[in-house]
Amino acid sequence: LTGFIQCVDRKVGKYVFCSERPDVGEEAKDAATEFEFLGDAEGGESVVRCYPATGRTHQIRVHLLHLGYPIANDSCYGGELR
């Protein structure tokens with residue numbers, strides 16, 4: 001996954017992913033992560049290996065949320081608490 005990460009709430013450190021560079025708001029930074037599916041886990045969850053090519057704040061969390069697979073127990077980025 002390649003695109004841009006942009007801070008939308010500096011007070012709580014909330015970031016979003018954009019596939020194209022946004023025109024407004026704070027400066028967006030390029031971000032890229034490769035993912036490898038390793039298998040299924042209990043409760044309908046999956047295990048993935050993440051290979052971040054860049055080191056942006058919350059990069060893996062933001063990318064997985066964008067792909068529709070938020071990290072379990074990560075309520076800040078869409079994960080369901082268990």
Just checking [X]: does its [atom1] atom have more than 12 heavy atoms from other residues, nucleotides or ligands closer to it than 6.0 angstrom?
X     : atom1 : answer
Glu45 : CD    : yes
Arg10 : CZ    : no
Glu36 : CD    : yes
Tyr69 : OH    : no

Going only through I, L, V, M, F, W and Y residues with side-chain contacts under 4.5 Å, is there a path from Ile71 to Leu65?
yes

Nearest 0.5 Å please: distance from the [atom1] atom of [X] over to the [atom2] atom of [Y].
X     : Y     : atom1 : atom2 : value
Cys7  : His58 : SG    : NE2   : 8.5 Å
Tyr51 : Ile60 : OH    : CD1   : 11.5 Å
Glu27 : Gln6  : CD    : CD    : 9.5 Å
Thr33 : Leu67 : OG1   : CG    : 9.0 Å
His63 : Cys50 : NE2   : SG    : 10.5 Å
Cys18 : Phe4  : SG    : CZ    : 9.0 Å

Can you see which heavy atom on [X] is nearest to which on [Y], and at what distance?
X     : Y     : answer
Gly13 : Tyr77 : O-OH, 3.3 Å
Ser46 : Asp40 : OG-OD1, 3.9 Å
Val16 : Val8  : CG2-CG1, 3.5 Å
Pro70 : Gly78 : CG-O, 3.4 Å

Arg61 side chain reached by Cys76 side chain, heavy atoms, under 4.5 Å:
yes

Between Phe17 and His66, what is the ring plane arrangement, given parallel below 30°, perpendicular above 60°, and tilted in between?
tilted

Identify whether the distance between the nearest side-chain nitrogen and carboxylate oxygen of Asp30 and Arg21 falls below 4.0 Å.
no

Using the six-membered ring of Tyr15, assess whether NZ or CZ of Lys29 lies under 6.0 Å from its centre and within 45 degrees of the ring axis.
no

Please check: side-chain N/O of Gln59 versus main-chain N/O of Ala31, any donor-acceptor pairing under 3.5 Å?
no

